[in-house]
Amino acid sequence: MRKRPRTFDTSWAEFTGEGRNYDRYQPSYPSDVAKFVSRHIQRAGLVGSIADVGSGTGIFTRVLAREIDGMVPIIGVEPNLDMLQVAMETMPPDLQVSFQSASAEQLPFQQASLSALVSATAAHRFDRKKFFGEVARTVQSGGMLALVHNRHRYWDSDALTEFHGFIESCVPGYRRGTFTIKNGGYSNVDFRSELLEDPRFSDVKVRSWEWDFETNLEHFIITGVSTSIVQRSAEVVGRSTVVEFLRDLFRRYSIDGLLKQPYVTEVTCATVSGE
């Protein structure tokens, strides 16, 4: 019987021990995403804090804090203590950001205390029925929920098409475009449909920003092995097999020592009506 990836007790345990590599090598997010959130709360005249839930090592939290520039407090919420420690250590002292350890399903905020709640490449692992209840409880009426995800534009890249084909051949159940879940499997998630069906949210829409991310060989390999889909592949076929594949892929597709990876940042957003 073919080996399957491990399962985990919590949705965040899979990332323990990967905090430093994740923060150093994973791509960031376009500043336009943070501008989008900032413009909404300014137009709505809201002054509550903004929470970044599932903030990990603070990659998007930093982008958001630079754009908000002290207009309202920014709070990163992360249950994985390894990721949280890295976030606190790497946050520039001039940015007004604080952190709390909590899960998305039980947020440490008072009712209607937030002007916006964002989540960057994390909401696919939440119990969203409970999470949406917490959003409705903690975000002020007229505030914003923004679910942000970085995704490979594999349809614009032969290298990324081959990359995802390799992952599909390694991991049972994985299909490009699906999201990882804690039981070692994968699922399709339609955030827009979920929010449209919830009467506590209105003005549901999806925005996207396309951009490219270039890496050298070392960066490309460490970026890969710090992601959950590559780690799961390594558990099935062995880390050395995965690293050799990444080296060969880089050799064949890189130009002048750099490999271009097309990305798209998708934002599913909604206005919060309250509980």
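- The main-chain N or O of Val225 is found under 3.5 Å from a side-chain atom of Gln231 such that the two form a donor-acceptor pair.
- Listed for the Thr271 side chain is no donor-acceptor partner under 3.5 Å among the backbone atoms of Asp203.
- A cation-pi geometry, defined here as NZ or CZ lying under 6.0 Å from the six-membered ring centre and within 45° of its normal, holds between Arg151 and Phe179.
- For the pair Arg20 and Glu89, the salt-bridge criterion is met [side-chain N within less than 4.0 Å of a carboxylate O].
- Between the side chain of Ser115 and the backbone N or O of Gly48 there is at least one donor-acceptor pair closer than 3.5 Å.
- The environment of CZ in Arg247 is sparse: at most 12 heavy-atom neighbours from other residues, nucleotides or ligands sit within 6.0 Å.
- Few gaps surround CD on Glu194; more than 12 heavy atoms of other groups in view lie less than 6.0 Å from it.
- For the 3.5 Å distance criterion, the side chains of Thr61 and Asp52 qualify, holding a donor opposite an acceptor.
- For the 3.5 Å distance criterion, the side chains of Tyr253 and Glu162 qualify, holding a donor opposite an acceptor.
- Hydrophobic clustering of Ile, Leu, Val, Met, Phe, Trp and Tyr side chains at less than 4.5 Å, counting indirect connections, unites Ile50 with Phe36.
- Here the side chain of Gln100 pairs no donor or acceptor atom with the backbone of Val77 at under 3.5 angstrom.
- For the residue pair Trp155/Thr161, the side-chain donor-acceptor check at 3.5 Å is not satisfied.
- Side-chain polar atoms of Thr178 and Asn188 form no donor-acceptor pair below 3.5 angstrom.
- Gln111 contributes no side-chain N or O that, together with a main-chain N or O of Arg137, makes up a donor-acceptor pair within less than 3.5 Å.
- A salt bridge links Glu67 with Lys35: the closest approach of a Lys/Arg side-chain nitrogen to an acidic carboxylate oxygen falls below 4.0 angstrom.
- Using a 4.0 Å cut-off between charged nitrogen and carboxylate oxygen, Asp190 and Arg192 do not count as a salt-bridge pair.
- Under the 30°/60° scheme for interplanar angles, the aromatic rings of His164 and His152 are found to stand perpendicular.
- Ring-centre distance between Phe213 and His219: below the 6.0 Å cut-off.
- A donor atom on one side chain and an acceptor atom on the other are found under 3.5 Å apart for Ser38 and Gln42.
- Ionic pairing of Asp212 and Arg153 is present here: one or more N-O contacts between side-chain nitrogen and carboxylate oxygen are shorter than 4.0 angstrom.
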